[in-house]
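Structure record follows, encoded as structure tokens.
Because the structure is predicted, anything quoted here is derived from the model rather than measured. Below, chain A is the first sequence line, B the second, and so on; all start at residue 1.
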Protein chains: 2
Amino acid sequence: MARRATVYDVAQRAGVSIATVSFAFTRPEKVKPETIRTVMVAADELGYVPSANARGLARGRTGAIGLYAYDYVLDPPADEHAAEGYERSARLFPLYADEVQRGVQLECRSRGLALMIGGNRTPAHLPHVIEVAGRVDALIAFAGALSVPHLEQAAARMPVVELGGEVRVAGAHTVLVDNRQGMADLTAHLVRVHRYERFAYLGELGTPEFRARREGFESTLEEAGVPVPPVLPAHPGDDATTSASVAALLREGPLPQVLVCDTDQAAVVAIDALRRAGLSVPGDVAVTGFDGIIAGRLLQPILTTVRQPMAAIGRAAVRLLADALDGAEQPTTNEDLVATFSAGGTCGCD
Amino acid sequence: MARRATVYDVAQRAGVSIATVSFAFTRPEKVKPETIRTVMVAADELGYVPSANARGLARGRTGAIGLYAYDYVLDPPADEHAAEGYERSARLFPLYADEVQRGVQLECRSRGLALMIGGNRTPAHLPHVIEVAGRVDALIAFAGALSVPHLEQAAARMPVVELGGEVRVAGAHTVLVDNRQGMADLTAHLVRVHRYERFAYLGELGTPEFRARREGFESTLEEAGVPVPPVLPAHPGDDATTSASVAALLREGPLPQVLVCDTDQAAVVAIDALRRAGLSVPGDVAVTGFDGIIAGRLLQPILTTVRQPMAAIGRAAVRLLADALDGAEQPTTNEDLVATFSAGGTCGCD
DNA sequence: CGCCCTAGGTTATGCGCTTAGATTCTGCGG
DNA sequence: CCGCAGAATCTAAGCGCATAACCTAGGGCG
């Protein structure tokens, strides 16, 4: 592979100094048009591509932002494309994080920012964070993808926005969606329209967002005077746990009228498990989710859920960072992103 | 924002030279265990994050690879999340390129490579390519996303793999799927099972992959002694053209029995247009696509298509590059990736 | 005619890290 | 107690670019 041409090569060929080459590219107003042309021709002939590394080093910033996602699915099952696998492949992609990432990508592109993708399997895996953090000017992280200390460490040195995190993390920005209200709306629908009284709840309380969902659920039931069920464990990306919870539910009876899941991923798995057990959804048990991922729309009937504005979340994050990068401000929380109740068929509506 | 700690800071705090700090991180075997510990403690206290820029500059490589995609959808309609928009949002994501990208991401991650995302709207837009190329050790590009000269320029300086390109580009690797056979299988199904004789074809011939599809189509019809229709223009990402072609078809009659589209995106748009015109699909006209994107599965009935192993394509590309990066070899073409005919309901099957 | 200003360039330095090669330690045999 | 071979560490030289600070040649003006 040929050595990459550098400013020196271009300068020599164009018969100018390297400073002039540099200016020709970055400060055209400081260079005579004719000289610029000479330089450009030389650069072109040499196939010159400026080294972003050198540039970043000299300028002190890279022009790239990083996205750090929690990896629910690092290595999908090998049969992903096999006949059976194909039918289910939409359960692996696109998920919540993927749709948010798309928003990030779109916004980055329209702003001319490069995007660096990183991620890990388990929180608190340091090396990878560093890998990403060292390359970028700013960082977007999903709540739970990075430990709080790591986030704070990063936030001390560059703008960081946490998606759905608590505002607690020192120095980090946050993009928040009102999960609580969304879940409250959904629950209200189940109570008022369907008159359900025996609920089950599948989910977790590991991140602020999940806790907010649970709160919306609890408060609505309490107001309605309906008994609040406990949290049965379910984690997106850990289907085994979800299935086990459903199995326990079936075993221990009596069956609830409706199973409220705190993610679509869990809901999809739960519906599978219920149907495998010979039950009809929503005939015997209604099921609801949260997020609005595509997998829910591929179900028959369509999953009742709360839709998050995923792409908008990603875009908002980039906007926050871009603002922080030029007009260094205080950490901001965004607003006005709402989660919308979306009635499908799995709640019993037709 | 605090100045980032550097090797100098760490060295000073640990009471060693910067070389030792560097070695402690990258060549532990050359440093006394105790010293390593001292260094690590100091680094930790300072929140030291090595600058990938400086590292890349010094080492001559960055450890990142770039993905350069053709952007079908840079700015999706503003109503994307509105009620109407939501129903159709899966038509914008995930598309072919998105699913390939996912494969790239997965493979990069499992190999510890950083991934840099770039892209552009129109081919031949130089600055953006450079932006990406300057940051990475190797590049993946979709056929048609970069002009051949640019590709060659890049390929002269770093490993490049073109997805679905012709092997012609000097020095570039290629990942190829047998599009021809896939389309031939689909066409054979239409001819043998459904006995269709009046075909229409919607698509383009802009890239080798599209041409291969057309060839598979033509040759199968010819063998069967069925008249080969012309190519009516349709471009993924340009719904207007596709709709216009369908309108022309309706206007000029007689209606074909089946409309073969060379992408799922075009097929989805065509089905919309036909139904808006009061026609039933597949009742009045059958329609088929190519790719196997999720949007096709959300249709009623499900779109008949040819499924590409999209994630596998992405993974193969990364593998090729990773190989090229350590054992510099000759440009390779991958193999063994097949496109599979997938009968849905839009061809007339039930 | 001399002075100052400006446009257009150039020189020189440093960004934070890697890495040959030089230097200092350390332990051990003689 | 000395000399010496590793082992451990340090010194110093870049990597390719941006940019502050500095030159130089004209041109306008009093």
Could you list all N or O pairs between the protein and nucleotides 19-21 of chain D that sit under 3.5 Å apart?
{"unit_1": "D:dT19", "atom_1": "OP2", "unit_2": "A:Arg27", "atom_2": "NH2", "d": "3.4"}

Q: Pick base, sugar-phosphate or nothing for A:Phe25, based on heavy-atom distances below 4.0 Å to the nucleic acid.
A: nothing
Q. Side chain to side chain contact (heavy atoms under 4.5 Å, CB included) with B:Ala64: which residues, sequence neighbours excluded?
A. A:Met116, A:Arg135, B:Thr62, B:Ala114, B:Val136
Q: Measure from CZ on B:Arg55 to C1' on C:dC17 and round the result to the nearest Å.
A: 8 Å
Q.
How many whole angstroms separate atom CZ of B:Arg157 from atom P of D:dG16?
A. 13 Å
(Q) Is it the case that over 12 heavy atoms from other parts of the model lie below 6.0 angstrom from the CD atom of A:Glu34? (A) no
Q.
List the residues meeting side chain to side chain donor-acceptor pair (under 3.5 Å) with A:Glu45, not counting sequence neighbours, and say none if there are none.
A. A:Arg13
Q | Protein-nucleotide distance (B:Lys32, atom NZ; D:dA7, atom P), rounded to Å | A | 14 Å
Q: Measure across A:Leu146 and A:Ala141 and return the closest heavy-atom pair with its distance rounded to 0.1 Å.
A: CD2-CB, 4.2 Å
Q.
How many whole angstroms separate atom CD of A:Glu29 from atom P of C:dT6?
A. 16 Å
Q: Take atom CD of B:Gln12 as the centre, draw a 6.0 Å sphere, and report whether it contains more than 12 heavy atoms from other residues, nucleotides or ligands.
A: no
Q: Please give the angle, rounded to 10 degrees, between the axes at the start and the end of the helix from C:dC1-D:dG30 to C:dG30-D:dC1, where five pairs define each axis.
A: 60°
Q: In whole angstrom, give the distance that lies between atom CG of B:Leu46 and atom C1' of C:dG16.
A: 15 Å
Q. Of the non-hydrogen atoms in B:Thr207 and B:Ala143, which two are nearest, and what is the gap between them?
A. CG2-O, 4.3 Å
Q: For A:Arg4 and D:dG16, give me the distance from atom CZ to atom P, rounded to whole Å.
A: 10 Å
Q. Taking only N and O in the side chain of B:Thr35, is any of them less than 4.0 Å away from OP1 or OP2 of D:dT9?
A. yes
Q.
Can you tell me if A:Arg61 has over 12 outside heavy atoms packed within less than 6.0 Å of its CZ?
A. no
(Q) Do B:Ile117 and B:Gln101 have side chains that approach each other closer than 4.5 Å (heavy atoms only, starting at C-beta)? (A) yes
Q) For the pair made of CG in B:Asn53 and P in D:dA18, what is the distance, rounded to whole Å? A) 12 Å
Q. Which nucleotide sits closest to the side chain of A:Ala54: D:dG16, C:dG9, C:dC17?
A. D:dG16
Q) How would you label the contact of A:Val21 with the nucleic acid (heavy atoms, under 4.0 Å): base, sugar-phosphate, or nothing? A) nothing
Q | Side chain A:Asp98, main chain A:Leu95, donor-acceptor under 3.5 Å | A | yes
Q: Specify the residues of residues 5-17 of chain B, ordered by number, for which at least one heavy atom lies under 4.0 angstrom from an atom of DNA chain C.
A: B:Thr6, B:Val7, B:Tyr8
Q: Determine which pairs satisfy ring pair (Phe, Tyr, Trp, His ring centres under 6.0 Å) with at least one residue from residues 5-28 of chain A, sequence neighbours left out, and list them in order.
A: A:Phe25-A:Tyr48
Q: Run the numbers on B:Val318 and B:Arg111 for side-chain contact (heavy atoms from CB on, under 4.5 Å), then give the verdict.
A: CA-CA 9 Å; B:Val318 176; B:Arg111 287 172 180 266; 4.0 Å; yes
